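This report refers to the structure that appears directly beneath it.
Because the structure is predicted, anything quoted here is derived from the model rather than measured. The chains referred to below are lettered A, B, ... by the order of the sequence lines, with proteins before strands, and numbering in each begins at 1.
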Amino acid sequence: MSKRDFRGVEAKWQKKWEEDGVYQAKDHAKNEKFYGLIEFPYPSGEGLHVGHPRSYTAIDAVTRKQRMSGKNVLFPIGWDAFGLPTENFAIKNKIKPQEATKKNIANFTRQLKSIGFGFDWSREIDTTDPTYYKWTQWQFLKFFNSFYDEQEQRARPIEELPAHLDKDEHRMAYKAASTINWCPRCKIGLANEEAIGGVCERCGNPTEKREKAQWMIRITKYAERLIKDLDSVDYLDKIKAQQINWIGKSEGAFVDFQVGKDTVTVFTTRPDTLFGATYLVMAPEHPLVQRWVEDGSIMNQDEVRSYQAETASKSEIERGDESKDKTGVELKGVQAVNPANGEKIPVWISDYVLATYGTGSIMAVPAHDERDHAFAKKFGLPIDIVVEPVTGEPRENEEFRRSIVAIVRNPKNGKLLSINWGKKGGSLFVGGGLEDGEDPETCAVREIREETGYKNVKFIEKSETVHHHYFAASKNVARNIEAVGLLFELSDEERDEAVLEKDEQGQFTVEWLTEAQAEKQVIDGLHGYLFQKFIQGTCYSEPGIATNSDFLDGLPTWKAKDDMISWLNEQGKGEKATTYKLRDWVFSRQRYWGEPIPIIHCPKCGQVGVPENELPLMLPDVDAYQPTDSGESPLAAIREWVEVKCPNCGGKAERETDTMPNWAGSSWYFLRYCDPHNDKALADPEKLKYWMPVNLYNGGMEHTTLHLLYSRFWYKFLWDMGIVPEECGSEPYAKRRSHGLILAEGGEKMSKSKGNVVNPDDVVEAYGADVFRVYEMFMGPFDQPVPWDTNGIEGVRKFLEKVWNLYGLDSSLRGNDNPELVTLYHQTIKKVTDGIDHLQFNTCISQMMILANAFQDAGSVPESMKEGFLKILAPFAPHMAEEIWEHLGMKGSIHVSGWPTYDPEKLKAATFELVVQVNGKVRAKITVDSDISEEDAKSKALESASKWIEGKTPKQIIYVTGKLVSIVA
RNA sequence: GCCGCGAUGGCGGAAUUGGUAGACGCACGGGACUCAAAAUCCCGCGAUCGCAAGGUCAUGAGAGUUCGAUUCUCUCUCGCGGCACCA
């Protein structure tokens, strides 16, 4: 293929494939399906970015391989076309968003087609098409007409709501006055997920808080299931972690504090520190505070009011700034009672307590919480340390308790940490002398050697006898962060060998001190530790364990977490509780270019859904759709659209004027692909049963807590409601992967302002689609960010030209299949077969390059390999593979021609290089038969390495089959 | 601070049940072909010592386990991504 005609060849095949419907998914097929999905693009005015094809080519290659393997493949494409950028672009250029969208889609289509993706274009969808958004609106009505059944843990139709409950208070979609994130630049309300860090996701402007009635969807009801069901899917670990983190589950308890006649409920994850709660802090916005201000319970009303006003005026960023000093005001005249010990404690308000999380109030335990501690220090509030006496409740392990010095529990992960306090230089030291840069384990080994005089100190797998224990720790104790609990044991019976071993908790044990010494350490240790912390007033540790009862006098006592919860339960002062950071989904947008929310407000009937037979509720065609500062949707100005009759009573009513966020259309598009032209349902259940779930879904990490979370939730809702059949399973995507960003040549982010953006059109024009595709797959690991490299693309061009020339050199392909080439060929088929499945495209290409180089050395492609090699190349360079395929005189498209197989027998070469190591160093390499016996291998190895052994008798000879011989001399 | 990921030649990166570190590509150097250039092909290409044969060092730093560690364990440093006063 000369440089001149590749575009022609590519265009030819693109046309032919479409005409022949090569990539069309079949609906009522008997064979196995494979549903590969890429995030459908937002057709922006800028056109395709080189990042898009990275993801698309990857999934294209996977689906092409699946198709060649005989699967019925669905690899669809569509447009997520509603949204702000188009609307803003349209306003700026004084055209209609409809027109801008149409133009952009046409451009994207041209670009995507020029790269030769195997999309099934017959299933193309567009979220702005009324035949599509009709169903988005229909689904919104389902949310509106349903509630969440807490007992059954699923959504159900609103008609089934128990009669004593108010429907409007339980709908899955509900309108409520709420504080929203308002972006003054975009003039739009944002969901929490879109205003992370108090900054607008779109424009980067700081957001403000505004009170506004918004449509919300109760995604929070699904928090637990959204976490739990991650167990059943194959997502990248970092995606799972990010979602779990975002949902932010915390387990703990609600605890009631009496404040006069009122009860303030706090949420805490540490009910076991309740004895150390020395004051209460409430969010300034807390309704009770509001009431107390109004009814005069608070003496310093003015001060409180002004603090409240100050808080309200702060932006999210200011309020979230941790570096600033804690502020707050005491509510004078108000006192709370600590339910654990009956003590009267003060009540404060402070902006470090968030109104939107937990109960909006906390109990402050300054001895064991850093933030409370800072606050207490600043305002001179009391700090009480909570201590667990070791002589109290027996622990699981008697031995463990007997000689421990002190235990600190890491608050973040609950791990136990044993510590020792010594007087070395007045600072905390560990293990008796952890040297700089030394880890506790190493230290332990060293010390055991020194103390016992035994050289041979070994770790063994499991402890049989645990005699005595000693401490260990890490220097991080001082900071109370991560630490390793190390315990050592030296068995009495085995005096000739000190043994280090791991017990079930993963801790190492060894005897180290006499019991008397250990006893002393215990007492000194805890005293020293707690005493110092107490004096310094810097204790925000976990409860310590004390054996010295004198010391315990005057310190608050301790109950384990679960014990405390049951005690609270018995006393009626609290209960077990779980909270989440996740908030309900703000579903209203005050903009034009979105799906109108199909609700009618009737003064008599309240909120009424638009009757299903009136869907789609069309977006009116208007001239003025600029956003307004008032926060009203532009639709509100179109009176003839707004004014309707109530479908219920026929009286005068008004339409809802908010539109949906663009996450609406993308929350269910993968379902529509299964049946894109259905006008009776969003998709035929039978087709859903066949196609769902998506086998492989690839998309950007930036959607992890947005689209990916929303669509999982949306899908679960449809599944609960029976709209998605039971058989499809509770998760929409069986496997989710994410591609790395493509950076600009210098390693920076590509951006228009820096002028370093690579345009796919230019690359395709200069090198052709195949080179572009192969390069994108070769440039680096798929999930890793990689910089664009113009020289690198040249290398790929050479590779493809080499292949082209190999097939075209002379018409007589010689049958020169020497044994090495056969082995390499089979290895390559295996590598590419496995590599595509594991999304390791870069090494697939490398391996094909190796084989191509070997073909070149051999003079040509052997007859027996010419089809197979072309086939494994086809997913990456579909045009060239097809063209050569035709030249070879093959019938039909290569892309449905079957996937080549490899012979496992032929993966191994007849001989291999046996590596000979002496004392761990490579000393010789000898070529031996693959089926060499162990004895022969060893003797040959000894022979070849005789120089290094010098007549000594080897202590040990290790043979690794097919690899090496290691001689210990 | 928390969660997750990462660190290997001049560059992108290979190498997983622990077994030849640097595959493949780029860049660079040399050669062939050519009047010349481009293209193509061949050879070399981690550092260091050595004429060479060969040796020594080397996968962010330090330690450990092992006959053997890029790979496992621990401590630390730096970088990237996400979250962040979430009780």
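When the P atom of B/G18 is taken as reference, atom CG of A/Leu964 falls 14 Å away, rounded to whole Å. The interatomic distance linking A/Glu745 (CD) with B/G12 (C1') rounds to 11 Å, in whole Å. To the nearest angstrom, P of B/A87 lies 18 Å from CZ of A/Phe375. A/Lys249 places its NZ atom 19 Å from the C1' atom of B/C83, with the value rounded to the nearest Å. We find that NZ of A/Lys921 is positioned 10 Å from P of B/G55, with the value rounded to whole Å.
Applying the Watson-Crick and G-U wobble criteria (two distances, each under 3.5 Å), B/C85 pairs with nothing in any strand. The base-pairing partner of B/G19, taking Watson-Crick or G-U wobble contacts with both distances under 3.5 Å, is B/C67. Summarising the base pairing, B/C80 is matched to B/G4 through a Watson-Crick or G-U wobble pair whose two defining distances lie under 3.5 Å. In this structure, B/A52 makes no Watson-Crick or G-U wobble pair, since no nucleotide meets both defining distances under 3.5 angstrom. Nucleotide B/A27 is matched to nothing when pairs are restricted to Watson-Crick or G-U wobble geometry with both distances under 3.5 angstrom. Of the nucleotides present, none pairs with B/A58 by Watson-Crick or G-U wobble criteria with both distances under 3.5 Å. Base pairing annotation: B/A36 forms no Watson-Crick or G-U wobble pair, as no partner gives both donor-acceptor distances under 3.5 Å.
Cation-pi contact between A/Lys326 and A/Phe375: absent, since separation from the ring centre below 6.0 Å together with deviation from the ring axis within 45° is not met.
B/C72 sits 16 Å from B/G4 when the P atoms are compared, rounded to a whole Å. Nucleotides B/U20 and B/G12, compared at atom C1', are 24 Å apart to the nearest Å. Here the separation of B/G62 from B/G10, taken at their C1' atoms, is 27 Å to the nearest Å. Comparing B/C45 with B/G60, their P atoms sit 23 Å apart, to the nearest whole Å. Only the C1' atoms considered, B/U59 is 4 Å distant from B/U8, to the nearest whole Å. Remark: the separation of the P atoms in B/U40 and B/A7 is 33 Å, to the nearest Å.
Summary of the strand contacts: A/Gly360 and A/Ser966 both lie near RNA chain B, and taking for each the nucleotide with the nearest heavy atom, the more 5' one is attributed to A/Ser966.
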Between A/Leu236 and A/Arg736, does a side chain to side chain contact (heavy atoms under 4.5 Å, CB included) hold up when you go through it step by step? CA-CA 7 Å; A/Leu236 232 44; A/Arg736 167 79 180 191; over 6 Å; no

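Put simply, A/Lys963 has no side-chain N or O that comes within less than 4.0 Å of OP1 or OP2 on B/U17. Regarding contacts with the backbone of B/G82, every side-chain N or O of A/Thr705 stays at 4.0 angstrom or more from both OP1 and OP2. Residue A/Arg923 places at least one side-chain N or O closer than 4.0 Å to OP1 or OP2 of B/U56. Taking side-chain N and O atoms only, A/Gln784 has no distance below 4.0 Å to OP1 or OP2 of B/G13.
Within 4.0 Å of A/Asp857, counting heavy atoms only, lie sugar-phosphate atoms of the nucleic acid but no base atom. Residue contacts for A/Val786: at a heavy-atom cut-off of 4.0 Å it reaches the sugar-phosphate backbone alone, with no base atom in range.
Side-chain proximity of A/Trp246 to the nucleotides B/C83, B/A14, B/U20 is greatest for B/C83. You'll find that the side chain of A/Thr268 is closest to B/A87, out of B/C85, B/A87, B/C3.
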Where protein sits on nucleotides 21-27 of chain B, one letter per nucleotide: B base, S sugar-phosphate only, - none, heavy atoms under 4.0 Å: --BBSSS

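Between A/Arg797 and A/Glu801, at least one side-chain N (NZ, or NE/NH1/NH2) sits under 4.0 Å from a carboxylate O, which counts as a salt bridge. The pair A/Asp325-A/Lys378 meets the salt-bridge criterion, since a charged nitrogen lies less than 4.0 angstrom from a carboxylate oxygen.
The aromatic rings of A/Tyr807 and A/Phe869 sit parallel, their planes meeting at an angle under 30°, below the 60° perpendicular limit.
Residue pairs meeting the side chain to side chain donor-acceptor pair (under 3.5 Å) criterion with at least one partner in residues 738-747 of chain A, sequence neighbours excluded, are A/Asn698-A/His739, A/Glu745-A/Thr790.
Side-chain to base pairing of A/Lys238 with B/C3: no donor and acceptor N or O lie closer than 3.5 Å to each other.
If you check the side chains of A/Tyr307 and A/Thr327, you find a donor sitting under 3.5 Å from an acceptor.
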